[in-house]
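Start at 1 and go down the list; that is how both ligands and their atoms are numbered. Scope of the values below: all heavy atoms of this structure, side chains included, with no hydrogens, waters or symmetry mates.
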Amino acid sequence: MAKYKIKILRDKCIGAASCVGLAPGAYQLDDENIAYVVSEEGDTPENILLGAQSCPTNAIEIYDAETGEKVWPKE
Ligand code: SF4
């Protein structure tokens, strides 16, 4: 089971692709240059979290898949 649940706020994404650079198995850009989730198990949990933290607009929210607790961004 994936460690994290990933939610991409697509209206916040500006296509900077740093998430893709850090965790390409989890994040990719679609043909509109907006990120989407390929697989929540497509990369290591560390890279998935780093990818989210690298997003300049905080367009990626990360939740603990087990508890549902929000991991990123921190409020
Ligand atoms: S890092 Fe953020 S803005 Fe850039 S592609 Fe990923 S989700 Fe979009």
Side-chain angles (χ1 to χ4, degrees):
M1 183 177 142
K3 178 172 180 183
Y4 294 132
K5 191 162 178 12
I6 306 168
K7 185 174 172 193
I8 297 185
L9 309 177
R10 287 174 52 90
D11 54 343
K12 277 186 152 188
C13 174
I14 55 168
S18 47
C19 58
V20 179
L22 282 157
Y27 308 113
Q28 283 295 321
L29 296 187
D30 66 13
D31 49 15
E32 292 170 58
N33 252 2
I34 303 295
Y36 68 97
V37 177
V38 183
S39 166
E40 288 175 334
E41 296 176 283
D43 224 306
T44 63
E46 292 74 22
N47 287 352
I48 286 171
L49 183 57
L50 279 174
Q53 290 170 336
S54 78
C55 177
T57 62
N58 277 349
I60 304 176
E61 295 184 343
I62 302 290
Y63 296 86
D64 186 306
E66 216 175 318
T67 66
E69 193 186 329
K70 194 183 208 179
V71 177
W72 186 264
K74 306 262 184 219
E75 304 300 339

Exercise. Is I62 close to I6 at the side-chain level, that is, under 4.5 Å between some pair of heavy atoms?
Worked result: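 Sidechains of I62 and I6: in contact.
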For this session: Identify the heavy atoms of D43 and G25 that sit nearest to each other, and give their distance.
Result: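 Here D43 and G25 meet closest at OD2-N, 3.4 Å.
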Exercise. Can any side-chain N or O of Y27 pair as donor or acceptor with the backbone N or O of I48 at less than 3.5 Å?
Worked result: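 Indeed, once roles are kept as given, a pair shorter than 3.5 Å links the two residues.
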For this session: Under the side chain to side chain donor-acceptor pair (under 3.5 Å) rule, collect the residues that match up with S39, sequence neighbours excluded.
Result: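 Residues passing side chain to side chain donor-acceptor pair (under 3.5 Å) with S39: none at all.
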For this session: Among residues two or more places apart or on two chains, list those pairs meeting salt bridge (Lys or Arg N to Asp or Glu O under 4.0 Å) that have a residue in residues 7-30.
Result: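 Pairs touching residues 7-30 that pass the test: R10-D30.
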Exercise. How many protein N, O or S atoms are found at a distance of less than 2.8 Å from atom 2 (Fe) of ligand 1?
Worked result: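 Protein N, O or S neighbours of atom 2 (Fe) of ligand 1 under 2.8 Å, waters not counted, come to 1.
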For this session: Determine, using heavy atoms of L29 and all atoms of ligand 1, whether some pair is separated by less than 4.0 Å.
Result: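 Per 4.0 Å heavy-atom rule, L29 contacts ligand 1.
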Problem set entry | Those residues that, when tested against K70, pass salt bridge (Lys or Arg N to Asp or Glu O under 4.0 Å) (two or more places apart) |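 Listed in chain order: E61, E75.
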